[in-house]
Amino acid sequence: MSVWGTDDMMNFHNTGPKHDGPFKITKKTKITALCGAGISAESGVPTYRGSGGLWNNIRIQEIATPHGFLADPERGWEFYGERRKNMAKCQPNPGHIALAELEKQGYDVFTITQNIDGLQHRAGSSKHKVIEIHGSLWRIKCSNISCDMEVFDNTDVPIDPSILECKICGSPLRPAVVFFQEMLDPRLMAEAERRTKETDLFFVIGTSGTVYPAAGFAQIAGAFGARVVEMNLEETPLSHVCDETILGPSGETLQKLLHELTDGEFKF
Ligand code: BV8
């Protein structure tokens, strides 16, 4: 596994456990990107951990768990409403745009994002090419798991508090995101796993690799023969399962790498 900066980009090589020697991307290469908050950091969306991280200032148990949210939905919506307000001002950055452009230029690329900010869709990636594995802050659902109210889109900022009660069962409505201690959608998990297992090139972009089961996709990809390339500002607990770790902001490193690996064909 090699750790090197963006200026080594030109002599892209691989000393990872499974793959060695340079490689190229063609239109037949199956590419999958597992993304975390780091890919949105350059858009102004705060990350969760590290300096300025969202989780530094709140007790996760009280806000981002089902029982914590239900104990005080008003406090929950204060936290999530503030995040919606900030996210609404953010634009996709070259990291998101590189993945969307890769699809537009005819490459076989799929994104599994842990992010709930909707920026990969806004960058232009097709809906069926992005799995929001931890849900979306722009969708709302009933907190009562046995209620059959449909999840619905809502991008109002600020959100009208009078709508935050379920019309069917009277329970509080909540953001359609995956809280801690909550199962991920099994259909999304199955689709993400299927795609990961058939991937040739697996990017791990801007994630601390601390939250499971999402972080596990990097291991699965490697185990099923993919070349795993991490892009981050620093090494992470996933670095040891990656063939390479490229240090630098993903808004710069991703497009440089893709340009290099397609012999200059990919550019935007
Ligand atoms: C579940 C949505 C079954 C809400 C989130 C003990 C060990 C292992 C696992 C567990 C455990 N105890 C409990 C668990 C399971 C738990 C878990 O993994 N906990 C961890 C913290 C120990 N997982 C769960 O609970 C999951 N469900 O397992 O169900 C179950 C059922 C019942 C009981 C138990 C288990 C649900 C997990 C989903 C939680 N939801 N968010 C919200 O956002 O409010 S978590 C949150 O973390 C986000 O989803 C986020 O996406 C995710 C991962 O974080 P990252 O995206 O990686 O962000 P982070 O800030 O951490 O890192 C940013 C990275 O970017 C850094 O590395 C930084 O260097 C880099 N970076 C910064 N700038 C840039 C950059 N890189 C490149 N360029 C830049 N410019």
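For ligands, and for the atoms within them, numbers begin at 1 and follow the listed sequence. Being a predicted model, the structure only gives us computed values, none of them experimental.
Counting only heavy atoms, the protein gets under 4.0 Å from atom 72 (C) of ligand 1. Closer than 4.0 Å to atom 63 (C) of ligand 1 lies at least one heavy atom of the protein. When distances from atom 11 (C) of ligand 1 to the protein are checked, no heavy atom turns up under 4.0 Å. Within a 4.0 Å radius of atom 7 (C) of ligand 1, the protein contributes no heavy atom.
Atom 25 (O) of ligand 1 has its nearest heavy-atom neighbour, among Glu235, Met231, Gln181, Glu234, in Gln181.
Residues Ser43 and His96 form a side-chain contact, since some pair of their non-hydrogen atoms from C-beta on lies under 4.5 Å apart.
Proximity of Phe69 to ligand 1, defined as any heavy-atom pair under 4.0 Å, is not found for any part of the residue. In Arg83, the part holding a heavy atom less than 4.0 Å from any atom of ligand 1 is the side chain. Both the backbone and the side chain of Ser250 come within 4.0 Å of ligand 1, judged by heavy-atom distances. Heavy atoms from both the backbone and the side chain of Gln114 come within less than 4.0 Å of ligand 1. At a heavy-atom cutoff of 4.0 Å, ligand 1 is contacted by no atom of Ile63, backbone or side chain. With a heavy-atom cut-off of 4.0 Å, Phe179 touches ligand 1 through its backbone alone.
Against a heavy-atom cut-off of under 4.0 Å, Glu182 is close to the following atoms of ligand 1: 1 (C), 26 (C), 27 (N), 29 (O), 36 (C).
Checked against a 3.5 angstrom limit, the closest N/O atoms of Ala41 and ligand 1 fall outside it.
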